[in-house]
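Please read all numbers here as calculations on a predicted model, not as lab measurements. Index from 1, following the sequence.
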Amino acid sequence: MHKEHVLVVETLPVVADELCRKFGFWKSTMALVAAAHRRRRTEGQISHFSNRLRRDVGLPEEYDPRGKATFTLWDIRL
């Protein structure tokens, strides 16, 4: 790199103190808990995978009662 970039990163306690001072303790705490819950809920879920993606990663296909009614751009054959 011909240009050096300096990133100033404050430590976690400093950032947490600033958030608590700006928004209050309970709002900051509840926002952190909500963010952790959202991440935990979405992390590792495969229910939204299509059957094609399931096959690609080696998972069993999910039964689709609609049959061929689902259409994605991946199904287009040229």
Side-chain angles (χ1 to χ4, degrees):
M1 289 178 42
H2 65 283
K3 294 182 180 179
E4 291 187 27
H5 297 279
V6 178
L7 295 176
V8 177
V9 179
E10 295 178 359
T11 61
L12 184 60
V14 173
V15 173
D17 286 341
E18 182 181 330
L19 285 173
C20 288
R21 211 175 18 257
K22 187 172 183 178
F23 298 107
F25 175 77
W26 288 112
K27 282 189 178 183
S28 300
T29 303
M30 294 309 292
L32 179 63
V33 169
H37 181 67
R38 276 193 309 271
R39 181 175 178 167
R40 181 176 175 205
R41 189 176 54 198
T42 59
E43 192 174 272
Q45 287 190 359
I46 59 169
S47 61
H48 63 281
F49 284 3
S50 67
N51 281 335
R52 184 179 185 105
L53 186 57
R54 286 174 168 272
R55 281 192 306 268
D56 288 348
V57 297
L59 294 171
E61 291 186 20
E62 190 174 58
Y63 174 69
D64 187 9
R66 297 176 292 177
K68 297 285 183 180
T70 58
F71 176 76
T72 63
L73 293 176
W74 292 107
D75 293 333
I76 297 175
R77 305 282 195 267
L78 297 177

Show me the donor-acceptor pairs within less than 3.5 Å that the side chains of residues 11-25 make with the rest of the protein, sequence neighbours left out.
none

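Atom CE of Met30 and atom CG of Leu32 lie 10.0 Å apart (nearest 0.5 Å).
Checked against side-chain hydrogen bond (donor to acceptor under 3.5 Å, both in side chains), Arg55 has the following partners two or more places apart in sequence or in another chain: Glu61.
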